[in-house]
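Quick note on labels: first sequence line is chain A, next is B, and so on, each numbered from 1.
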2 protein chains.
Amino acid sequence: MITIKEVARHAGVSMSTVSYVLSGKRSISEETKRRVEQSIVALGYHPNAGARALASSRSHVLGLIVPLRSDHNMPVIMQFVSSIVASARDYDYDVLLLTKEAGPGEAHRVTARSMADAIIVMDVESADPRVPELREVDAPVVLLGVPDDHQGLNCVDLDFATAGRQMAAHLADLGHRSIALIGSPPAVYERGTSYAARLLAGFQHETGQRNLPASVHSCAADYESVSACLDDVLHSDRGTTGLVVHNEAVLGPLLLELRRRSLEVPADLSVITLCPDDVAQNLAVPLTSIAIPAEELGAIAVEMVTARLEREQAPEVRLLQPRLTNRGSTSAR
Amino acid sequence: MITIKEVARHAGVSMSTVSYVLSGKRSISEETKRRVEQSIVALGYHPNAGARALASSRSHVLGLIVPLRSDHNMPVIMQFVSSIVASARDYDYDVLLLTKEAGPGEAHRVTARSMADAIIVMDVESADPRVPELREVDAPVVLLGVPDDHQGLNCVDLDFATAGRQMAAHLADLGHRSIALIGSPPAVYERGTSYAARLLAGFQHETGQRNLPASVHSCAADYESVSACLDDVLHSDRGTTGLVVHNEAVLGPLLLELRRRSLEVPADLSVITLCPDDVAQNLAVPLTSIAIPAEELGAIAVEMVTARLEREQAPEVRLLQPRLTNRGSTSAR
DNA sequence: CGCCAAAATCGAAGCGCTTCGAACATCGAT
DNA sequence: ATCGATGTTCGAAGCGCTTCGATTTTGGCG
């Protein structure tokens, strides 16, 4: 193993000089810097992470708690993970993979051992049992999602309430007089997934304000449930002409079933949804949608956590404003 | 920060004694062990990972290279990841998340810096460009998948060739005289995903041996492609009565379309597939299938890698024998 | 009762790096 | 020539742990 000592000898300088060339924490003459860098390449030197961590008390590792067996949407979760890992590398951090399933205490374990400098937590629920312990962690923590009690914690999320409001408003502005929301299966609401509840609240707030009749439906992803749900939504008494869908898994079967019933989108039914852009884009009928900006949310989480590693900062909740893309699946009535 | 020194003082022993209590590498009297353990709890001691890694030259971390943006099956990938992380923890290892997208050299980077003791590589292709560099990594490496040239590398995978043979044989034994294989979209074969090719080879080997007419179809996951593919498969000239499906994403639309055409499984068409058990189980029609044993494969990979960390061992390719579960979706003819 | 091997414990030397104060060199201003 | 000020480099002290040889304790046995 090549050590910094050998690099120093090869370049004819002291160890500390090599260290400063690497870290840039003190000024080094161009000439010396060049020589050192050449030696590093010539010898194939790679700094030892353990030694570095020990001496600097910084592991340059971020702990990421991921729901690996969750029922919901793996692809979206992957988008988050992917963006977090990429952003972390931009800041010169690596990512330690922790699972939600491994239970609480993981955040504490890795920070107490100085395996990670900070923690990012995915898939946060309204009444997330991990919250109290996360609050005790002696390192920066950022949650992706907003628990009910987020006192003293950093959170990043899409503004789902506004998203719900916007989607309802979008349909209302187009003249729809009766609209429906298809959400997640009951289990998701029972579990207290905060985003589902927040979107619902925004939706109902807007329809309430406008005095619009609005029905809300919980729906599972299988074909039968979708069909049954659609029967309910389209029940003639309602006169529903606009549909908000907040359930990615339902989209495919839904469009299929609409076609089977010879209902055109948007001629017979306007549909707007909230899902990742690439999903909305690639459906049988591309749908007007509000994006789940996984990429940005992940990047922001990393940025927050690294910022707090640099300097103390008060906890903060950051809600990303929704972005609506029109793909022609809604029309005036 | 509580250090081993303070634990030693609190327990009235030397640092080394505490260390030996923790590692079990030398015998310690029951009495002393108890005292030390009490002190550890009392003080809330957590060993510093960096210091430990530096002194022992073992990070107790496994690097895992995951395809985070791949087109294919996220849920299956997650099953692998999940099982690997869980197994790793069983052996007291943590997992550093590396992405396939970050490019080659990641394995070298983390091992050269002693951030990870060994590497597990997912989503390996037939002619995987990473293979040469992985061979150079100075640490145990295990690939999940078998590249064409696996000289000197450890590999773990399902025996897809045997799986292909078994599925063909299963249908043939039931008296089917003409069978078809629905595989992945062309892109997957072009990319040289080794498992697809190996299954195909096994399938053709078996049908060849038995002199069975057999057609092979490449198929994308969208409804239109499935329908078109089915037209082709069921073309009356073929007289196809048995179907092997090696494409998880196609299963849902396929069964839907069969029902639409009023074709019963297995009365009109016997169907057997290769996919995770829980998927086969929960389809509209539960399917007889060969499992993708993600759980076991992940566990084996971890076991191999840790074994090679203990003692030098010759590289090895381990192919898991397929396990077929009958769910009644095939019948005699 | 003394001896010796085995068991238990200690002390100290690193592991490879960062960081701080000090030393040295350079140079424009006095 | 002299003096700071500024820029550059060095030396050494740790960071918290593991590990190895040495030392002490124990207990069985002649």
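Rounded to an integer number of Å, the gap from CZ of B:Arg52 to P of D:dC17 is 8 Å. The distance between atom CZ of B:Arg35 and atom P of C:dA8, rounded to the nearest whole Å, is 14 Å. If you measure from atom CZ of B:Arg58 to atom P of D:dT18, you get 14 Å, rounded to the nearest angstrom. Atoms NZ (B:Lys25) and P (C:dA8) sit 18 Å apart, rounded to a whole Å. If you measure from atom CD of B:Glu30 to atom C1' of C:dA7, you get 13 Å, rounded to the nearest angstrom. In this entry the distance linking CD1 of A:Ile2 with P of C:dG16 reads 11 Å, nearest Å. The CG atom of B:Leu22 sits 9 Å away from the P atom of D:dC17 (whole-angstrom rounding). Atom OH of B:Tyr20 is separated from atom P of C:dA8 by 14 Å (rounded to the nearest Å).
Judged by distance alone with a 3.5 Å cut-off, no donor-acceptor contact links the side chain of A:Ser27 to the base of D:dG7. Residue-to-nucleotide contacts include a donor-acceptor pair under 3.5 Å from the side chain of B:Arg26 to the base of D:dG21.
Annotation for B:Gln321: atom CD counts as buried by contact number, over 12 foreign heavy atoms lying within 6.0 Å.
Between A:Ser56 and C:dT18 there is no side-chain N or O to OP1 or OP2 distance below 4.0 Å. Between B:Lys5 and D:dC17, a side-chain N or O to OP1/OP2 separation shorter than 4.0 Å is absent. In this model, the phosphate group of C:dT9 is approached by a side-chain N or O of B:Ser29 to a distance below 4.0 Å at OP1 or OP2.
Using cut-offs of 30° and 60° for the angle between ring planes, the A:His46 and B:His108 rings count as perpendicular.
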The test is side-chain contact (heavy atoms from CB on, under 4.5 Å); show your working for B:Leu143 and B:His150 and say whether it passes. CA-CA 9 Å; B:Leu143 314 190; B:His150 51 264; 5.8 Å; no
Please walk me through it: do A:Ser14 and A:Thr17 pass side-chain hydrogen bond (donor to acceptor under 3.5 Å, both in side chains)? CA-CA 5 Å; A:Ser14 70; A:Thr17 300; 3.1 Å; yes
Go through A:Ile120 and A:Val302 one step at a time and tell me if the side-chain contact (heavy atoms from CB on, under 4.5 Å) criterion holds.
CA-CA 8 Å; A:Ile120 297 178; A:Val302 171; 4.0 Å; yes
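Distances from the side chain of B:Ser14 to the nucleotides C:dC10, C:dC17, D:dT18 place C:dC10 closest. Closest contact between the side chain of A:Ala55 and the listed nucleotides D:dG11, D:dC15, C:dC10 involves D:dC15. Distance from the side chain of B:Ser16 is smallest to C:dG11 among C:dG14, C:dG11, D:dC10. Listed nucleotides: C:dC10, D:dG16, D:dG11. Nearest to the side chain of B:Thr17: C:dC10.
The 5' end of DNA chain C is approached more closely, in terms of each residue's nearest nucleotide, by B:Gly12 than by the other of B:Gly12 and B:Leu54. Along DNA chain C, the nucleotide nearest B:Ala51 and the nucleotide nearest B:Lys33 are compared for position; the residue whose nucleotide lies closer to the 5' end is B:Lys33. Both A:Glu31 and B:Thr3 lie near DNA chain D, and the one whose nearest nucleotide falls closer to the 5' end is A:Glu31.
Backbone-only engagement by A:Thr32 is indicated by non-hydrogen atom pairs under 4.0 Å involving sugar-phosphate atoms exclusively.
In this structure, B:Arg135 contributes its side chain and B:Gln151 its backbone to a donor-acceptor pair below 3.5 Å.
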